[in-house]
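Order of the sequence lines fixes the chain letters, A, B, ..., with proteins taken first and strands second; residue numbering starts at 1 for each chain.
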Protein chains: 2
Amino acid sequence: MNKAEILIIDDEPQMRKLLGITLESNDYKVLQAETGKEGVIQAASHPPELILLDIGLPDKSGHEILKELRQWYNKSIIILSVQNNETDIVTALDNGATDYLSKPFRTAELLARIRSAIRRNQTPNDTSIVDAGDLQIDLVARTVKKNNQLLKVTSTEFNLISLFARNEGRVLTHRFILKEIWGVGYQTETQYLRVFVGSLRKKIEENPNNPLHIITESGVGYRFQ
Amino acid sequence: MNKAEILIIDDEPQMRKLLGITLESNDYKVLQAETGKEGVIQAASHPPELILLDIGLPDKSGHEILKELRQWYNKSIIILSVQNNETDIVTALDNGATDYLSKPFRTAELLARIRSAIRRNQTPNDTSIVDAGDLQIDLVARTVKKNNQLLKVTSTEFNLISLFARNEGRVLTHRFILKEIWGVGYQTETQYLRVFVGSLRKKIEENPNNPLHIITESGVGYRFQ
DNA sequence: GAAGGATATAAAGATTTCGTAAAGAATTGC
DNA sequence: GCAATTCTTTACGAAATCTTTATATCCTTC
């Protein structure tokens with residue numbers, strides 16, 4: 001039985017040390033990251049069984065890191081936070097956090113919640129690369145290849161094609177896409193979508209006038225295949 | 001979209017009422033049980049999407065009920081308790097509870113944890129496909145396949161065939177269909193229906209002159225099979 | 001089997017939705 | 001601080017879809 005790996009993302013050295021000792025003495029293998037950025041890179045290079053994410057990080061808000069991780073990481077993420085306000089908890093859970101614990105937490109409870117979270121880990125589709133014919137979309141590296149050639153896509157363009165790739169074959173409504181990419185205030189800005197779908201098609205489609213990957217479902221949204 | 005069912009097992013009538021109102025106003029279907037025994041029976045006869053289990057029950061300890069449920073019930077169980085002691089939490093989680101909330105809890109947090117728990121119940125490629133011989137209608141992806149080949153259908157056409165698929169074998173009156181697809185002001189626009197049924201038949205039927213899927217019930221409506 | 005109401009089909013007209021180009025605004029990188 | 005890139009907005013022609021009309025066919029009932 002090899003040890004389950006847990007990645008701690010927390011900027012406080014003391015907290016990392018405390019958590020590290022606790023977890024190691026309970027037979028977990030511990031990985032650590034000081035910043036969100038570093039955490040994402042570590043998680044990508046070697047996906048752990050569970051991530052403990054402090055939400056009060058210096059570089060980005062923990063919520064952003066959580067969203068970023070959840071674009072491809074589908075194992076458990078437990079949020080640790082000094083915050084105990086409801087909005088924070090609700091946001092984290094709705095962004096895909098597995099659990100939320102307020103600091104200071106009780107060790108035995110933390111361990112029990114970790115056991116529970118690991119037990120429930122779904123069989124992961126551990127590939128972060130979505131393959132769609134001549135296209136390969138790497139959700140971690142944030143790259144798009146067409147016939148093995150790297151395409152130059154902007155950040156928003158990538159977010160869009162990443163969303164498509166993660167929902168291959170199903171129709172996504174305009175509202176849904178706009179909410180996911182631009183946020184809840186933009187759900188009626190359908191024109192944004194038209195422009196960005198247009199520029200994506202120019203890049204990924206053999207013939208942009210007759211798209212084979214991004215199909216428009218008139219009156220509803222788009223479908224990727 | 002039918003409502004997710006939640007079973008509340010709690011001996012306090014007030015708490016059941018409070019939870020019931022909260023959940024129902026958030027579009028869940030609520031089932032209630034006063035005792036653990038009753039709860040187990042209810043859950044067995046009609047497994048809900050999630051169980052809210054109070055741990056301070058009179059007949060058996062909630063922990064026993066939890067264990068009993070977990071022998072066969074594998075969806076989410078959230079524990080509610082006035083207790084906030086660590087042993088209790090750890091025991092519950094190790095017995096397979098999905099989550100543990102101490103009373104009094106905050107409503108928004110409870111709802112977020114319920115959403116999270118239900119979300120995790122679903123298998124990643126959760127599709128609800130209606131199979132009708134050579135036709136497969138995917139209600140989530142909004143796609144129609146005939147002999148495994150994607151058909152191009154417009155938004156209204158899909159809404160129509162989706163309504164048919166969800167009421168397979170049943171005669172739907174003109175008025176009902178018109179109300180569902182176009183809204184209450186259109187219940188007499190029978191000609192709309194004729195046109196759209198016609199175009200659907202052209203796409204899905206082997207021989208549109210002798211339809212096998214969308215059957216005309218003259219003077220009444222249509223039936224899908 | 002004939003009459004009359006109900007249904008089917010085709011096609012024209014009306015409306016909505018889409019795609020593209022391009023200009024202005026904001027952001028990023030050097 | 002300037003140039004380059006990216007994002008947001010506007011405008012307009014093109015395409016797809018929906019609605020309506022006309023006419024042919026089918027079905028039921030007597």
Sidechain-backbone polar pair: A:Ser76 side chain, A:Ala117 backbone, donor-acceptor under 3.5 Å: yes
Atom-to-atom span, NZ of A:Lys203 to P of D:dT5 - whole angstrom: 11 Å
Spacing between B:Arg194 atom CZ and D:dA24 atom P, to the nearest angstrom: 17 Å
Touch class at under 4.0 angstrom, heavy-atom based, for B:Thr156 against every strand present: sugar-phosphate
Aromatic ring pairing B:Phe164/B:Phe224, orientation class (parallel under 30°, perpendicular over 60°, tilted between): parallel
Euclidean distance, atom CD of residue A:Glu217 to atom P of D:dA16 [Å, nearest integer]: 13 Å
Length of the line joining B:Leu193:CG and C:dA8:P, which is rounded to integer Å: 10 Å
Between P of D:dT17 and CD1 of B:Ile181, the distance in whole Å: 16 Å
Out of C:dT17, D:dT19, C:dA6, whichever nucleotide has its closest atom nearest the side chain of B:Phe196: D:dT19
A:Thr154 vs D:dC7: side-chain N/O to OP1/OP2 distance below 4.0 Å: yes
Distance, rounded to the nearest Å, where A:Ile214 contributes CD1 and C:dG19 contributes P: 10 Å
Short side-chain N/O contact to C:dA6 OP1/OP2 from B:His174, under 4.0 Å: no
Contact under 4.0 Å: B:Arg201 side-chain N or O vs C:dA8 OP1/OP2: yes
Sugar-phosphate only, base, or nothing, as touched by A:Val195 at under 4.0 Å among non-hydrogen atoms: base
Selected nucleotide, minimal atom distance to A:Tyr222 side chain, candidates C:dG19, D:dT17, C:dA21: C:dG19
Under 4.0 angstrom between A:Lys152 side-chain N/O and D:dA4 OP1 or OP2: no
Main-chain N/O of B:Thr22 paired with B:Tyr28 side-chain donor or acceptor, under 3.5 Å: no
Whole angstrom value for the distance that separates C1' of C:dG19 from CD of A:Glu205: 14 Å
Nucleotide C:dG19, atom P - distance to CD of A:Glu189 in whole Å: 17 Å
Sugar-phosphate only, base, or nothing, as touched by A:Gln191 at under 4.0 Å among non-hydrogen atoms: base
Side-chain N,O (A:Asn209) to OP1/OP2 (C:dT20) below 4.0 Å: yes
Flag if over 12 foreign heavy atoms under 6.0 Å of NZ, B:Lys145: no
Below 4.0 Å: OP1/OP2 of D:dT9 and any side-chain N or O of A:Tyr192: yes
N or O in side chain of B:Trp182 less than 4.0 angstrom from D:dT19 OP1/OP2: yes
Parallel, tilted or perpendicular: ring planes of A:Phe196 versus A:Trp182, cut at 30 and 60 degrees: perpendicular
Minimal non-hydrogen separation, B:Glu205 against B:Lys146, with atom names: O-NZ, 3.8 Å
A:Thr216 side chain near C:dT17 phosphate (N/O to OP1/OP2, under 4.0 Å): no
